Colleague: 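If you scroll down you'll find the structure; I have some questions about it.
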Amino acid sequence: MSTPVIDANVQPHFRYNSEIRRYLPPAHKLRAIPDVEQQWYQAPGGDYRQELYGEHYPGSDPETVGRHLADAGVDVAVLNPLTRGNIADYLLNSRICAAVNDWLLERWLDADTSGRFRGTIRVNPEDVKGAVAEIDRLAGHPKMVQVGVPLQSREPYGKPMFEPIWEAAAAHGLPVAVHINGGNGVDHAPTFAGHAHTYPGYAAFMPLNGFVHLATLIIEGMFGRHRGLRFVFADGGYDILTPLMWRLDTFWMSMRDQTPWVDRYPSAYLRDHVRFCSSALDGPTDTALTERWLDYTDKSELLMYGSCYPHWSTSTPAAVTAGLNDVQREKVLWRNAAELYAITADLEGSRL
């Protein structure tokens, strides 16, 4: 039988900008909200695949998205909708996150009869109490499988102020997905090195945000204190994981007295706590090197297929797994995601 496919990174979109207002409470319906397409860094040729423009805005129609995913061989898709960036009014931003969640439930998850879609609870890390309350409100929904936060942040996610959010996610058995969500409202710099001047600079430096978050989650002891805490870095960056983890391991060995709560090599935390989604921009360009490259730092245990649909960089399962052996291919296409999101049973009778 052919291999099942779980797509761990699909971004659904509103049909039109004002659609979100239907899901906002009365006190916020007339507030100024940034345009969903207001981006600092436009990709050459546009953010979305050109053939998706037509009857519907790209990624906005569940039936069309489901058909495109099915045509690509996807059995289950985890939807991770974008919000409207980090807005100065943190309470408004929290209401926007809640509206996005209610929209996702009504239009995509509860209305889905195919069983294909799973969802993400979007929360605002700038509002810790509000984020915890939103997780508690929706964690019991059977189709919500993770919590979503922006890649940009005022502080790295290993810092103590965020711990109640991660504790709540872990208590409910939900991974935390980190995804770029910027360019709207009052936003943080897209990289910890500040603002790139061009799209290539932005795209090249942006994954470093993920490593800064990951390093502090380990060094600050977040994974040690919360055994069930798992993070998904949904924008890729796994190609830079090996050299950076080697560096982190080296410094840990020479300065263990400063982090006595880190009781193993930093790299040893990865398998139990960290996953990455694939990206068209990651990895070697020569597929003859892919199999060996993926075994460094046990990346075949950490990587999940993510199409990034409907963006210009959408990747097919075949493109992501080119050059992998059969065991690696199976892990990347479905086993790693099925274990993380506990959706193996949903694939039984499909193509297993």
Side-chain angles (χ1 to χ4, degrees), residues 8-13 34 36-43 47 78-87 90 93-94 96-97 100 120-128 131 146-159 161-162 165-166 169 174-196 199-218 220 222 229-241 244 273-282 302-304 306-309 311-313:
N9 187 26
V10 173
Q11 277 84 58
H13 293 289
V36 72
E37 279 199 341
Q38 181 188 347
Q39 295 290 330
W40 287 345
Y41 299 98
Q42 285 288 334
D47 284 328
V78 179
L79 306 179
N80 189 2
L82 305 184
T83 63
R84 300 296 173 93
N86 294 299
I87 297 168
Y90 73 95
N93 203 22
S94 294
I96 289 174
C97 286
V100 169
T120 301
I121 304 170
R122 291 308 308 250
V123 301
N124 173 21
E126 295 284 296
D127 177 14
V128 173
Q146 66 184 4
V147 173
V149 296
L151 183 63
Q152 306 94 311
S153 174
R154 194 186 308 273
E155 296 282 351
Y157 283 146
K159 294 295 184 180
M161 70 277 284
F162 301 115
I165 306 175
W166 318 146
L174 297 174
V176 178
V178 184
H179 195 287
I180 189 77
N181 195 54
N184 297 309
V186 178
D187 213 343
H188 301 297
T191 79
F192 278 99
H195 298 277
Y199 184 86
Y202 160 76
F205 294 135
M206 179 262 294
L208 292 175
N209 282 28
F211 183 77
V212 173
H213 291 314
L214 172 59
T216 60
L217 286 163
I218 296 172
E220 298 280 347
M222 209 64 70
L229 179 59
R230 293 160 297 173
F231 265 71
V232 176
F233 293 95
D235 275 305
Y238 60 95
D239 57 336
I240 62 174
L241 181 67
L244 291 173
H273 296 281
V274 180
R275 296 293 183 270
F276 287 83
C277 289
S278 60
S279 167
L281 304 179
D282 293 350
L302 311 180
L303 185 60
M304 305 184 298
S307 66
C308 204
Y309 177 98
H311 293 273
W312 69 271
S313 54

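These figures come from a predicted structure and were not determined experimentally.
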Colleague: Could you check N124 against Y90 for side chain to side chain contact (heavy atoms under 4.5 Å, CB included), going step by step and ending with a plain yes or no?
Modeller: CA-CA 8 Å; N124 173 21; Y90 73 95; 4.0 Å; yes

Colleague: Using modelled atom types only, decide if a donor and an acceptor are shared between the side chain of T120 and the backbone of Q146 within a distance under 3.5 Å.
Modeller: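 Not at all, since once roles are kept as given, no pair shorter than 3.5 Å links the two residues.
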
Colleague: Not counting sequence neighbours, which residues clear side chain to side chain contact (heavy atoms under 4.5 Å, CB included) with P207? List them please.
Modeller: I240

Colleague: Looking only at heavy atoms, what is the nearest atom pair of R230 and L174, with distance?
Modeller: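 Heavy atoms only, the tightest pair is NH2-N, 4.1 Å.
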
Colleague: Output all residues satisfying side-chain hydrogen bond (donor to acceptor under 3.5 Å, both in side chains) with H273, sequence neighbours left out; order by chain, then residue number.
Modeller: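 For H273 there are no side-chain hydrogen bond (donor to acceptor under 3.5 Å, both in side chains) partners, ignoring immediate neighbours.
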
Colleague: What closest approach, in Å, do R122 and V149 show between heavy atoms, and which atom pair accounts for it?
Modeller: NH2-C, 3.7 Å

Colleague: Locate the shortest heavy-atom distance separating L151 from G210; write the atom from each residue and the value.
Modeller: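 Minimum heavy-atom contact is CD1-N, 3.8 Å.
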
Colleague: Measuring from atom OG1 of T83 to atom CG of N181, what distance do you get when rounded to the nearest 0.5 angstrom?
Modeller: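 Nearest 0.5 Å value for the OG1-CG distance: 3.5 Å.
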
Colleague: Which atoms form the tightest heavy-atom contact between K159 and M222, and what is the distance?
Modeller: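 K159 and M222 have their closest heavy atoms at O-CE, 3.8 Å.
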
Colleague: Measure the CG-SG distance between D282 and C277 for me, rounded to the nearest 0.5 Å.
Modeller: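 Reported to 0.5 Å precision, the distance equals 10.5 Å.
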
Colleague: Below 4.5 Å, heavy atoms only, C-beta onward: do V274 and L241 meet side chain to side chain?
Modeller: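 Of all side-chain heavy-atom pairs linking L241 with V274, none is under 4.5 Å.
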
Colleague: To the closest 0.5 Å, what do you measure between CD1 (I180) and CD (Q152)?
Modeller: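 Interatomic distance, I180 CD1 to Q152 CD, rounded to 0.5 Å: 3.5 Å.
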
Colleague: Apply side chain to side chain contact (heavy atoms under 4.5 Å, CB included) to the pair V232 and M304, showing each step before the final yes or no.
Modeller: CA-CA 9 Å; V232 176; M304 305 184 298; 3.8 Å; yes

Colleague: If you compare all heavy atoms of A280 against all heavy atoms of S313, which two are closest, and at what distance to 0.1 Å?
Modeller: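 So the two residues come closest at CB-O, 3.4 Å.
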
Colleague: Are any of the side-chain heavy atoms of F231 and L217 separated by less than 4.5 Å?
Modeller: yes

Colleague: Output all residues satisfying ring pair (Phe, Tyr, Trp, His ring centres under 6.0 Å) with Y157, sequence neighbours left out; order by chain, then residue number.
Modeller: F162, W166, H213

Colleague: Under the side chain to side chain contact (heavy atoms under 4.5 Å, CB included) rule, collect the residues that match up with S307, sequence neighbours excluded.
Modeller: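 Counting only residues at least two positions away or on another chain, S307 forms a side chain to side chain contact (heavy atoms under 4.5 Å, CB included) with D7, V10, Y305, Y309, T314.
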
Colleague: Under the ring pair (Phe, Tyr, Trp, His ring centres under 6.0 Å) test, which residues partner Y199, sequence neighbours left out?
Modeller: Y202

Colleague: Could you tell me which residues satisfy side chain to side chain contact (heavy atoms under 4.5 Å, CB included) with Q11, sequence neighbours excluded, listed by chain and number?
Modeller: N9, H13, N80, L82, H179, C308, P310, H311

Colleague: Specify the closest pair of heavy atoms between G158 and T216, including all atoms of both residues, with the distance to one decimal.
Modeller: N-OG1, 3.0 Å

Colleague: Using the test side-chain hydrogen bond (donor to acceptor under 3.5 Å, both in side chains), find all partners of D127 that sit at least two apart in sequence or belong to another chain.
Modeller: S94

Colleague: Which residues pass the side-chain hydrogen bond (donor to acceptor under 3.5 Å, both in side chains) test with E126, sequence neighbours left out?
Modeller: R154

Colleague: Return the set of residues passing side-chain hydrogen bond (donor to acceptor under 3.5 Å, both in side chains) with S278 (not counting sequence neighbours), or none when no residue passes.
Modeller: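 Checked S278 against side-chain hydrogen bond (donor to acceptor under 3.5 Å, both in side chains); zero matches.
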
